[in-house]
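Below is one structure; the comments refer to it alone.
For the single chain, residues carry numbers from 1 onward in sequence order.
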Amino acid sequence: MISKNKIKYLKSLEMKKHRQAESVFVAEGPKIVGDLLNAGFEPTYLAVVECSDFASRLQNFDLNGVQIDFVTADDLRKVSSLEAPQQVLAVLKQPIWQLGSNIASKELCLALDEVQNPGNLGTIIRLAAWFGIEHLFCSKGCADVYNSKTVQATMGGLAHVKVHYVDLVEMIGNLPDSTPIYGTFLDGENLYGKQLEQRGLIVMGNEGRGVSKEVENLVTEKLFIPNYPAERESTESLNVAIATAIVCAEFRRRAL
C-alpha cells in the first residue's frame, strides 16, 4: 500500500520544478526501470506490484536502503502517469555527467535546437542509444529529459545516452575549427552523396522552425534528405525524430 503522503509526493514529481528541487525523476515499467537500475542509476523509491515478474527480479538489483512498497495494480494506478501501469514505478536520482573536453571533436554526437515535444526527445534518445551515440546536447529551450513522457519514449535509452543542457551557440563556438558541424536543411547537399565523418555534431532543429539562424551560422556541413522520386510532390518536411533516424543510420552505414 502507498501512503497518502507518498502519493502526494509522487504526483508532485509530474511537475518539473519539483523534480528539479529533488534532483529526481520517475520511470515506469519493467524494461525501463530494469535498464536504468542495471546502468547504475540510483533509486530512492520503488512501488512494485506484488507477485509480479518484476517483484521476482528484485534480488538482481542493488536496492539496499531503498524504500520499496509492494502494492496492488490498483494502488499503482493511483500514482502512475500511464494508462496501463506496468508492474513497477521507480523514483531515481538525476545523474550528474562529467563531460570530457570537446567530446564532439572526437566522436559522433547529437545536438537538438529547441526540440520541444517530449515524445520526440525521448524517441531521439532511443535512436541515439541504438546507433551508439553516447552524448546528446540539448539547447536550454528543449523539452525536459525527465518529463515522464520523455522517459517512457526512451524505452530505456537513458541508460546509454548522456543528455546535457547547454548554450548550444556557445558550445559549438568552443569546438575546434576542424570539428564538422552537420545540420539538415532544404538547401543542403544530398545526404547520400556527402562525405561523412564518424565524429562531429549532428544538429537537429525545432519541430516547426527547424535550426535557428544563430546555430545555422555555425553549421559547416548542410545536409538534405531527398524525397523519392525527386520530381514527385511530397510533404514539406519530416518529423524531427524520423529525420534523426535517417541521418544517424546513414552515418553508421558508412562506418560498416
For residues [X] and [Y], determine if any side-chain heavy atom of one lies less than 4.5 Å from a side-chain heavy atom of the other.
X    : Y    : result
E42  : T44  : no
V166 : L168 : yes
V247 : I225 : yes
I32  : Q152 : yes
K6   : V79  : no
I125 : L136 : yes

Between [X] (side chain) and [Y] (backbone), is there a donor-acceptor pair under 3.5 Å?
X    : Y    : answer
R19  : Q94  : no
T244 : V240 : yes
E207 : N117 : yes
N206 : R209 : yes
E189 : K222 : no

### Task
Could you tell me which non-hydrogen atom of A153 sits nearest to which non-hydrogen atom of R126, and how far apart they are?
O-CD, 3.8 Å
Distance-only polar pair, side chains of [X] and [Y], donor-acceptor under 3.5 Å:
X    : Y    : value
S139 : E114 : yes
T72  : D75  : yes
S80  : E28  : yes

Greater than 12 external heavy atoms within 6.0 Å of [X]'s [atom1]:
X   : atom1 : result
E14 : CD    : yes
K11 : NZ    : yes
I96 : CD1   : no

Rounded distance (nearest 0.5 Å) linking atom [atom1] of [X] with atom [atom2] of [Y]:
X    : Y    : atom1 : atom2 : result
I103 : C109 : CD1   : SG    : 6.0 Å
L223 : L191 : CG    : CG    : 5.5 Å
C138 : D113 : SG    : CG    : 10.5 Å

### Query
So, are D35 and K31 salt-bridged, with charged N and O less than 4.0 Å apart?
yes
Could you go through residues 170-188 and list every donor-acceptor pair under 3.5 Å that involves a side-chain atom there, pairing it with any protein atom two or more places apart or in another chain?
residue	atom	partner	partner atom	Å
N174	ND2	E170	O	3.2
T179	OG1	P176	O	3.0
Y182	OH	E197	N	2.9

N/O donor-acceptor pairs under 3.5 Å from side chains in residues 157-165, not counting sequence neighbours:
residue	atom	partner	partner atom	Å
H164	NE2	H135	ND1	2.9
Y165	OH	A143	O	2.5
Y165	OH	V145	N	2.8

Under 3.5 Å, sequence neighbours excluded: what are the donor-acceptor pairs made by side chains of residues 55-64?
residue	atom	partner	partner atom	Å
S56	OG	D53	O	2.5
Q59	NE2	S56	O	2.8
N60	ND2	R57	O	3.4

